[in-house]
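Single-structure report; data block below.
Just follow the structure's listing: the first ligand is 1, and inside any ligand the first atom is 1. Below, each value reflects all heavy atoms present in this structure, side chains not excepted, and no hydrogens, waters or symmetry copies.
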Amino acid sequence: MTAIVSGSTQLLGVIGCPIEHSLSPVMHNAALSALAQEVLPYVYVPLHIEPANLKSAIQGLANIGCQGFNVTIPHKQAIMPLLYDVSATAKAVGAVNTVWRIEQGWAGTNTDIQGFLSPLEAQPHDWTQSTVSILGSGGAARAVIAACLQLNCEKVQVFGRNVAKLEQLKAEFLTAIPSNPIHVHQWDVLPEHLAETILLVNTTPVGMYPQINQSPVTMDQLQQLPKDAIAYDLIYTPNPTQFLKDATTLGHQTINGLEMLVQQGAAALEIWLRKAVPVEVMRAAARSQLS
Ligand code: NAP
């Protein structure tokens, strides 16, 4: 349903550069339409903001009465010093993806952790006895690490190809949480650590459209996972990725990135509206857009 914009319509949005491929406007506007009888009229728009204009853009958004916005690449870190308040969660991740109005200006948090955790909530695993292996050490990996720390995972292993980045990542999380279970490794030792892995998470773009035949792990490597291990890919296009297809072939439970995307969006909308939001409407809108 198309939102009808009137004189009382409130503004929400997502800032990024580029922004035209974002699924967020479709998801959020579908939910806002479904809630039309219960909340003020809102519209959620994509806002292309160049890095050099970030400070003046968010000041301008405050000036025109914008109620809140999501933040995507490349502004997730850069926006942090421009906010009056940043949640402990966002500080732990080192990135903000959701911003809302407060009296003094803007406040920000990170809902990617909640998004990532949501599909894991129903899992029977005792995470305090579990080893998680994370492939990649970029922005999404940081949210996954913070999520694993929330789960109190026994061991959180991060595999990457850039040693300096891995060490920096570990040092930053060490500062935030002194007794942390994080171990960083170069990519080539991954096979040695798969037999102890209960949750294997791909946070690299390997396998994302259009490289749909690629996987961050070989079939031989996957065969070393315990039978009850879960394969989790943050990628949502294609669905399933080659990584998840291979894991399914070997009998593993799989989770793809769509639910994380939907749940981080739902968590943001709940912050802005201060009420429960129709997650199933957001999921259906995202699926429909992707197909
Ligand atoms: P990013 O900050 O650029 O990080 C990407 C990471 O992948 C880096 O550590 C990079 O290593 C590594 N990498 C890239 N190509 C690789 C290759 N060929 N082999 C091994 N490692 C490789 O990106 P991001 O923001 O974390 O996003 C990563 C993926 O997660 C994307 O596919 C994105 O769509 C997905 N994602 C999904 C959601 C969701 O809601 N489902 C949310 C966020 C992100 P170097 O550091 O060595 O370059």
Would the Tyr232 and Phe116 ring centres measure less than 6.0 Å apart?
->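 So the answer is yes for these two rings.
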Any nitrogen or oxygen of [X], side chain or backbone, less than 3.5 Å from one on ligand 1?
X: Met260; value: no
X: Ser137; value: yes
X: Trp187; value: no

List the steps and the verdict of side chain to side chain contact (heavy atoms under 4.5 Å, CB included) for Ile235 and Asn256.
-> CA-CA 6 Å; Ile235 295 171; Asn256 92 331; over 6 Å; no
For atom CZ of Arg287, is the number of surrounding heavy atoms from other residues, nucleotides or ligands below 6.0 Å larger than 12?
->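 Open.
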Look at [atom] and say whether a protein heavy atom is found at less than 4.0 angstrom from it.
atom: atom 18 (N) of ligand 1; answer: yes
atom: atom 23 (O) of ligand 1; answer: no
atom: atom 14 (C) of ligand 1; answer: yes

May I ask you to check whether Gln157 and His193 show a side-chain donor-acceptor distance below 3.5 Å?
->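 Note: Gln157 and His193 side chains meet the donor-acceptor criterion.
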Under 4.0 Å, heavy atoms only, figure out whether ligand 1 is touched by the backbone of Ile235, its side chain, both or neither.
->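 The answer is the side chain of Ile235.
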Within reach of ligand 1, part of Lys165 (heavy-atom separation under 4.0 Å) =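 Near ligand 1, Lys165 shows its side chain, while the N, CA, C and O stay back.
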Quickly, which of Asn97, Asn70, Thr98 forms a side-chain hydrogen bond (donor to acceptor under 3.5 Å, both in side chains) with Gln264? Name it, please.
->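 In the set Asn97, Asn70, Thr98, the residue that makes a side-chain hydrogen bond (donor to acceptor under 3.5 Å, both in side chains) with Gln264 is Asn97.
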At a 4.0 Å threshold, what atoms of ligand 1 neighbour a non-hydrogen atom of [X]?
X: Val206; result: 16 (C), 17 (C), 18 (N), 19 (N)
X: Asn162; result: 47 (O)
X: Met208; result: 32 (O), 34 (O)
X: Tyr236; result: 41 (N)
X: Gly136; result: 9 (O)
X: Gly139; result: 2 (O), 26 (O)
X: Gly138; result: 2 (O), 4 (O), 6 (C), 8 (C), 9 (O), 26 (O)
X: Gly257; result: 39 (C), 41 (N)

Side-chain heavy-atom pair Pro181, Leu149 within 4.5 angstrom cut-off =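 Heavy-atom side-chain distance check passes, below 4.5 Å.
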Can you tell if the side chain of Phe159 reaches within under 4.5 Å of the side chain of Val184, non-hydrogen atoms only?
->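 Counting from C-beta outward, Phe159 and Val184 never come under 4.5 Å.
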Carefully, step by step, assess Leu200 and Leu194 under the rule side chain to side chain contact (heavy atoms under 4.5 Å, CB included).
-> CA-CA 8 Å; Leu200 178 62; Leu194 288 170; 4.1 Å; yes
For atom 20 (C) of ligand 1, closest protein heavy-atom neighbour =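 Of the protein heavy atoms, Arg161 CD, 3.9 Å lies nearest.
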Among protein heavy atoms, which sits nearest to atom 5 (C) of ligand 1, and what does the distance come to when rounded to 0.1 Å?
->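 Closest protein heavy atom to atom 5 (C) of ligand 1: Pro205 CD, 4.0 Å.
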Best match, Ala143, Ala141, Gly160, Ala140: closest heavy atom to atom 27 (O) of ligand 1 =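 Answer by nearest heavy atom: Ala140.
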Among Thr203, Asn256, Leu234, closest by any non-hydrogen atom to atom 29 (C) of ligand 1 =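 Among Thr203, Asn256, Leu234, the closest heavy atom to atom 29 (C) of ligand 1 belongs to Thr203.
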From CG (Asn213) to OG1 (Thr241), nearest 0.5 Å =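 It is 11.5 Å, given to the nearest 0.5 Å.
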So does Asp233 pair up with Lys245, basic N to acidic O under 4.0 Å?
->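 No salt bridge links Asp233 with Lys245.
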Is it true that Lys275 and Glu270 make a salt bridge, defined as a side-chain N closer than 4.0 Å to a carboxylate O?
->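 Result for this pair is no, no salt bridge flagged.
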Where the side chain of Arg161 meets the backbone of Gln186, is there a donor-acceptor pair that is under 3.5 Å apart?
->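 Checked: no pair found.
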